[in-house]
K.L.:
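Below are the C-alpha cells for one structure; questions will follow.
All values derive from a computational prediction rather than experimental measurement. Residues take their numbers from the sequence shown, with the count starting at 1.
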Amino acid sequence: MKNILIHGLGQNNKSWDNTNIYLKKNGIDTICPNLFEITKKVSKDYKTMYNAFSDFCNNQKERLNLCGLSLGGVLALDYAKEYPEKVNSIILIGTPYKIPKTLLKIQGLIFQIMKKSTFEKMGCSKKEFITLVNSMNNLDIVKNIETIKCKSLIICGAKDNVNMESSKLLNNSIKNSEFKVISHSAHEVNIDNPKELSNIIYDFWKNNQ
C-alpha cells in the first residue's frame, strides 16, 4: 500500500514535514508530491493539475491511501471517484463541500496585492496561482459523491469555522465515513497540530489496511 499526503492551496509538500516526523516514528512511510511541480510543464488550472495528479497516482503500482487537505482533499475525492479500484482509503481534511465563491473572490483580490516571492516559495508564479484559484470557481465537488465506497475519514480543525459545516456534510454524504475534529487547530491542521493529526492518520490506516 502506498500512502500519499496531498497539500492544500497555499501550501507545498513541506507543509507535511512535521506530520511525517510523527508518522515515521510509527513506521509509516509516505509520499508527498508538490502539486505545482508535477504540473510544471502545463498550465496551472484545476483540470490540468488533476490530470497530472491522476498520472502521478496511476504510476504507483500499489493501491493507495490518499490523505488531502483542502485542495488536496478535492483532488483525492475526484481521483477516488474516477479510479475506485486504485484507492484503499481517503482522508479529507478541511475539504469544502461546495466552492465558497464569495470567499474565493475576496482571496483573489488579496492574492493580487501579495508579493511574488510568496508564491515562488510554494513553487509557482503569482499568475499561475491566481489562474488555479479562478479555475476552481465552478467545481462541483460533490458530483457523484455517492459512488465513493472506499474507507473514508473526514477531519476538521476545531477552529476551522469555514469548513466545519462542510466536513459534516461530507461525512453525511459519504457512506460509512468517520468524522473527527482536531483540537487546537484551524484550517491548516498539518501545521497547527501535526502530532494529533498523525496519531489519527496512523490509527485509521492501521485499522483499514
K.L.:
Do you know which two heavy atoms are closest between Gly68 and Thr95, and how far apart they sit?
P.N.:
O-OG1, 4.0 Å
K.L.:
With a 3.5 Å distance limit and no angle check, can you tell me whether His7 reaches the backbone of Asn34 through a side-chain donor-acceptor pair?
P.N.:
no
K.L.:
What is the minimum heavy-atom distance between Cys67 and Ile93, and which atoms define it?
P.N.:
SG-CD1, 3.7 Å
K.L.:
Show me the donor-acceptor pairs within less than 3.5 Å that the side chains of residues 70-80 make with the rest of the protein, sequence neighbours left out.
P.N.:
residue, atom, partner, partner atom, Å
Ser70, OG, His187, NE2, 3.3
Asp78, OD2, Tyr46, OH, 2.6
Tyr79, OH, Asn58, OD1, 2.5

K.L.:
Given side chains that start at C-beta, do those of Thr39 and Leu132 come closer than 4.5 Å, heavy atoms only?
P.N.:
no
K.L.:
Applying side-chain hydrogen bond (donor to acceptor under 3.5 Å, both in side chains) to Asn163 and Ser166, what does each step give before you reach the verdict?
P.N.:
CA-CA 5 Å; Asn163 290 292; Ser166 285; 4.6 Å; no
K.L.:
side-chain hydrogen bond (donor to acceptor under 3.5 Å, both in side chains) for Asn190 and Gln11? Distances and angles first, verdict last.
P.N.:
CA-CA 10 Å; Asn190 54 351; Gln11 295 189 339; 3.1 Å; yes
K.L.:
Test your reading of the model: is there a side-chain donor-acceptor pair from Lys86 to the backbone of Glu62, 3.5 Å cut-off?
P.N.:
yes
K.L.:
Could you check whether any side-chain N or O of Asn171 sits under 3.5 Å from a backbone N or O of Ser167, counting only pairs where one atom can act as donor and the other as acceptor?
P.N.:
no
K.L.:
Run the numbers on Phe204 and Ser89 for side chain to side chain contact (heavy atoms under 4.5 Å, CB included), then give the verdict.
P.N.:
CA-CA 9 Å; Phe204 181 72; Ser89 72; 3.8 Å; yes
K.L.:
Any heavy-atom pair between the side chains of Tyr22 and Leu197 that's under 4.5 Å?
P.N.:
no
K.L.:
State, to 0.1 Å, how close Tyr97 and Leu169 come at their nearest heavy-atom pair, and which atoms those are.
P.N.:
CD1-CB, 3.5 Å
K.L.:
Do any N or O atoms from the side chain of Asn88 and from the backbone of Asn208 form a donor-acceptor pair under 3.5 angstrom?
P.N.:
yes
K.L.:
Quick one: are Asn207 and Lys151 in side-chain contact, heavy atoms under 4.5 Å?
P.N.:
no
K.L.:
Side-chain contact, heavy-atom cut-off 4.5 Å: Leu92 with Ile174?
P.N.:
yes
K.L.:
Between Asn193 and Glu196, is there a donor-acceptor pair closer than 3.5 Å when you use the side chain of the first and the backbone of the second?
P.N.:
yes
K.L.:
For Phe53 and Tyr50, take the angle between the two ring planes, folded into 0 to 90°, and tell me which bin it lands in: parallel under 30, tilted 30 to 60, perpendicular over 60.
P.N.:
tilted
K.L.:
Got Ser135 and Lys47 here, is their nearest side-chain heavy-atom distance under 4.5 Å?
P.N.:
no
K.L.:
Applying the side chain to side chain donor-acceptor pair (under 3.5 Å) test to Asn3, which of Thr30, Asn65, Asp29 qualifies?
P.N.:
Asn65
K.L.:
Could you go through the side chain to side chain contact (heavy atoms under 4.5 Å, CB included) check for Asn26 and Lys206 one step at a time?
P.N.:
CA-CA 10 Å; Asn26 285 318; Lys206 182 180 178 182; over 6 Å; no
K.L.:
Taking the side chain as every heavy atom from C-beta outward, state whether Leu170 and Ser177 have any atom pair closer than 4.5 Å.
P.N.:
no
K.L.:
Answer yes or no: is there a side-chain heavy-atom contact under 4.5 Å between Trp16 and Leu23?
P.N.:
no
K.L.:
Can you tell if the side chain of Lys81 reaches within under 4.5 Å of the side chain of Ile148, non-hydrogen atoms only?
P.N.:
yes
K.L.:
Which Ile, Leu, Val, Met, Phe, Trp or Tyr residues join Met1 in one cluster when any pair of side-chain heavy atoms under 4.5 Å counts as a link?
P.N.:
none
